[in-house]
Amino acid sequence: MDEFTIRGKVAVAGVGETTYWKHSQSPHAEFKLALMAILAAAEDAGIDPTEIDGFASYSNDRNDPSRIAAALGCRELAFSNMQWGGGGGGGSAAIANAAAAIACGYARCVVVFRALAQGQFQRFGQAAAGGAAAGHDAFTVPYGVMSPAQKYAMRYQRFAHEHGIERSALRAISMASYHHAQQNPRAVMYGRPLSEEDYDASRWITEPFRLFDCCQENDGAAAILLVAAERARDLPHRPCYLLGAAAGSEYRNGAPVHNAPLYGTSSFTTVAPRAFAMAGIGAADVDVAQSYENFTGGVLMSLVEHGFFAPEEANDFLTLDNLRADGGAGTPPKSDRRPGGRGGKLPLNTSGGNLAECYMHGLELNIEAVRQVRGLSPNQVEGAEISVVGSGPMVTPVSSTVFGAEATL
């Protein structure tokens, strides 16, 4: 094995979450939410929180690791790291950074966290106050292109036009998330099922995205605690290892003013192959997938660029039955399914995802990926041993992680 890979060198010790609230409804300060999630992850791992010696986050998290370490009573702060990039593109990258620190000996017990209490601060993604638009915005704002939904709709529209993708494909992605949320009491949309009629009747946000194509806005916190792989068998849960991780984007993806050479992309064309190569797997080996949903169009493009199906296959592949963990009336014969057993061809966003569980900038998707390998998901894929996460379609940089059970090493 390449000595420079992190494959199998790091294990997930624990995962933790707070309650997830709708935007601005948290009764707790954002810093307290971060502490609550980290303490929950330490308890899940059976590890004294004072043993934590490293912290990694992303998306401009406001909670300073030095302050967190002091509040937790950590014996030492050996590593602190923030992944560049807005939104959720850094969720899996933060895990990669934490794993690298452990594998290289910079720290022994690193927690990846994300906390949001937007009622205390400006709404995430909101345009800055002022009457002038400068830089990139000077080319878009005068024409009414201001929100992430508008910017990413343009990229998806190009992709969909080139490959003849129908709206039913986006609807299936949304309905799969809402379907899985109904079995997950943690989900903000638990008890609020979504029908095809409700989806089709929902208001436009920006064409082609309707209301249920867009992620939620939530308060809360999530945390994942990582340790060296040799400690995995001493932990209270079924071992879950990091098999692969990659971050970045393709050539000139970040070119300003919508001027990238490859326009209709979710930014994973080079990232996903690197993550899979490190993990030593292909798309056909994946039992269950979690894809960051800023908008359903990004999910579709991300699944294509991870190799799960070709663009021309999207209309046939993306159906609710194919994306359900529990299968359905159209469940394919076992020979045509992913290796997990029951369920559709590719169970997707099995906790409800950003659309229906919570929008914790996607870190909750990595937690669900770990639960699937542990066998503890509310929508468990039978026999799942490999779980993949794609973080942040259409932003830059993006990132991917691959988690695996002990049998995959």
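Note: Leu77 CG to Ile68 CD1 = 9.5 Å, rounded to the nearest 0.5 Å. To the nearest 0.5 angstrom, Asn218 atom CG is 9.0 Å from Lys22 atom NZ. If you take CD1 on Ile47 and CZ on Arg108, they are separated by 13.0 Å, rounding to the nearest 0.5 Å. With rounding to the nearest 0.5 Å, the separation of CD in Gln183 from CG in Asp326 is 7.5 Å. Once rounded to the nearest 0.5 Å, the distance linking CD1 of Ile38 with CD1 of Ile224 reads 12.0 Å.
Minimum heavy-atom separation, Gly344 to Pro347: O-CD, 3.6 Å. The minimum heavy-atom distance between Leu303 and Leu318, with the atom names listed, is CD1-CD2, 4.1 Å. Minimum heavy-atom separation, Gly8 to Leu409: CA-CD2, 3.7 Å. The two residues Gly220 and Tyr20 make their nearest non-hydrogen contact at CA-CD2, 4.3 Å. Contact record, Asn63 with Phe31: OD1-CA, 3.2 Å, taken as the closest heavy-atom pair. Residue Pro239 comes nearest to Val373 through the heavy atom pair O-CG1, 4.0 Å, listed as atom of the first residue, atom of the second, then distance.
For Arg238, the side-chain hydrogen bond (donor to acceptor under 3.5 Å, both in side chains) criterion is met by no residue, not counting sequence neighbours. Applying the salt bridge (Lys or Arg N to Asp or Glu O under 4.0 Å) rule to Asp200 yields the partners Arg171; only residues at least two apart in sequence or on another chain are considered. By the salt bridge (Lys or Arg N to Asp or Glu O under 4.0 Å) test, Asp219 is found to be paired with no residue, residues two or more places apart in sequence or in another chain being considered. With sequence neighbours excluded, the residues satisfying salt bridge (Lys or Arg N to Asp or Glu O under 4.0 Å) with Glu357 are Arg186. For Tyr292, the side-chain hydrogen bond (donor to acceptor under 3.5 Å, both in side chains) partners are Tyr359, not counting sequence neighbours. Residues passing the side-chain hydrogen bond (donor to acceptor under 3.5 Å, both in side chains) test with Arg231 are Glu51, sequence neighbours excluded. By the side-chain hydrogen bond (donor to acceptor under 3.5 Å, both in side chains) test, Glu30 pairs with Arg62, sequence neighbours left out. Annotation: salt bridge (Lys or Arg N to Asp or Glu O under 4.0 Å) contacts of Asp53 (sequence neighbours excluded): none.
At distances below 3.5 Å, at least one donor-acceptor pair connects side-chain atoms of Gln380 with backbone N or O atoms of Leu376. In this structure, the side chain of Asp285 engages the main chain of Gly282 through a donor-acceptor pair within 3.5 Å. Although no hydrogens or angles enter the test, the distance criterion places no donor-acceptor pair under 3.5 Å between the side chain of Gln150 and the main chain of Thr206. With hydrogens and angles disregarded, no donor-acceptor distance shorter than 3.5 Å links the side chain of Gln182 to the backbone of Tyr190. Using modelled atom types, one side-chain atom of Thr18 and one backbone atom of Ala221 make a donor-acceptor pair closer than 3.5 Å. In this structure, the side chain of His180 engages the main chain of Ala176 through a donor-acceptor pair within 3.5 Å. One N or O on the side chain of Asn349 and one on the backbone of Ser291 form a donor-acceptor pair closer than 3.5 Å. No side-chain donor-acceptor contact under 3.5 Å links Arg374 to the backbone of Cys240.
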Residues Glu364, Ser351; criterion side-chain hydrogen bond (donor to acceptor under 3.5 Å, both in side chains); working and verdict: CA-CA 9 Å; Glu364 82 286 350; Ser351 65; over 6 Å; no
Full working for side-chain contact (heavy atoms from CB on, under 4.5 Å) between Leu243 and Thr408: CA-CA 8 Å; Leu243 301 182; Thr408 63; 3.6 Å; yes
Tyr156 vs Phe295, ring pair (Phe, Tyr, Trp, His ring centres under 6.0 Å): CA-CA, chis, key distance, verdict: CA-CA 10 Å; Tyr156 173 71; Phe295 310 100; over 10 Å; no
Residues Asn322, Leu346; criterion side-chain contact (heavy atoms from CB on, under 4.5 Å); working and verdict: CA-CA 6 Å; Asn322 278 344; Leu346 184 67; over 6 Å; no
side-chain contact (heavy atoms from CB on, under 4.5 Å) between Leu170 and Tyr199, intermediate numbers included: CA-CA 10 Å; Leu170 301 186; Tyr199 173 91; 3.8 Å; yes
Verdict with reasoning, Phe55 to Val110, per side-chain contact (heavy atoms from CB on, under 4.5 Å): CA-CA 5 Å; Phe55 299 88; Val110 182; 5.7 Å; no
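Under a 4.0 Å N-O distance rule, the pair Asp213/Arg210 does not qualify as a salt bridge. Looking at Arg371 and Glu17, a side-chain N of the basic residue comes within less than 4.0 Å of a carboxylate O on the acidic one, giving a salt bridge. Using a 4.0 Å cut-off between a side-chain N of Lys or Arg and a carboxylate O of Asp or Glu, Asp198 and Arg192 do not qualify as a salt bridge.
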Expected list for residues 263-279: side-chain donor-acceptor pairs under 3.5 angstrom, two or more places apart:
| unit_1 | atom_1 | unit_2 | atom_2 | d |
| --- | --- | --- | --- | --- |
| Tyr263 | OH | His258 | ND1 | 2.7 |
| Thr265 | OG1 | Glu250 | OE1 | 3.4 |
| Thr265 | OG1 | Glu250 | OE2 | 3.2 |
| Thr265 | OG1 | Ser267 | N | 2.9 |
| Thr265 | OG1 | Glu305 | OE1 | 3.4 |
| Thr265 | OG1 | Glu305 | OE2 | 3.0 |
| Ser266 | OG | Ser302 | N | 3.4 |
| Ser266 | OG | Glu305 | OE1 | 2.6 |
| Ser267 | OG | Asn253 | ND2 | 3.0 |
| Ser267 | OG | Val395 | O | 2.9 |
| Thr269 | OG1 | Glu250 | OE1 | 2.4 |
| Arg274 | NH2 | Ala247 | O | 2.6 |

What side-chain donor-acceptor pairs closer than 3.5 Å can you find for residues 78-103, not counting sequence neighbours?
| unit_1 | atom_1 | unit_2 | atom_2 | d |
| --- | --- | --- | --- | --- |
| Asn81 | OD1 | Asn97 | ND2 | 3.0 |
| Gln83 | OE1 | Asn97 | ND2 | 3.1 |
| Ser92 | OG | Ser391 | OG | 2.7 |
| Ser92 | OG | Thr401 | OG1 | 3.2 |
| Asn97 | ND2 | Ala93 | O | 3.4 |

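Classified by interplanar angle (parallel below 30°, tilted 30° to 60°, perpendicular above 60°), the ring pair Trp21/His28 is perpendicular.
For residues 132-145, no residue pair satisfies the side-chain hydrogen bond (donor to acceptor under 3.5 Å, both in side chains) rule, not counting sequence neighbours. Within the structure, the salt bridge (Lys or Arg N to Asp or Glu O under 4.0 Å) test picks out no pair touching residues 77-106 (sequence neighbours left out).
Under the 3.5 Å distance criterion, with hydrogens and angles disregarded, a donor-acceptor pair is assigned to the side chains of Ser177 and Glu293. There is a side-chain donor-acceptor pair under 3.5 Å between Asp44 and His237. Looking only at atom types and distance, the side chain of His179 has no donor-acceptor partner in the side chain of Asn379 under 3.5 Å away.
Proximity of the aromatic rings of Phe308 and Phe317 is defined here by a centroid distance below 6.0 angstrom, and this criterion is not met.
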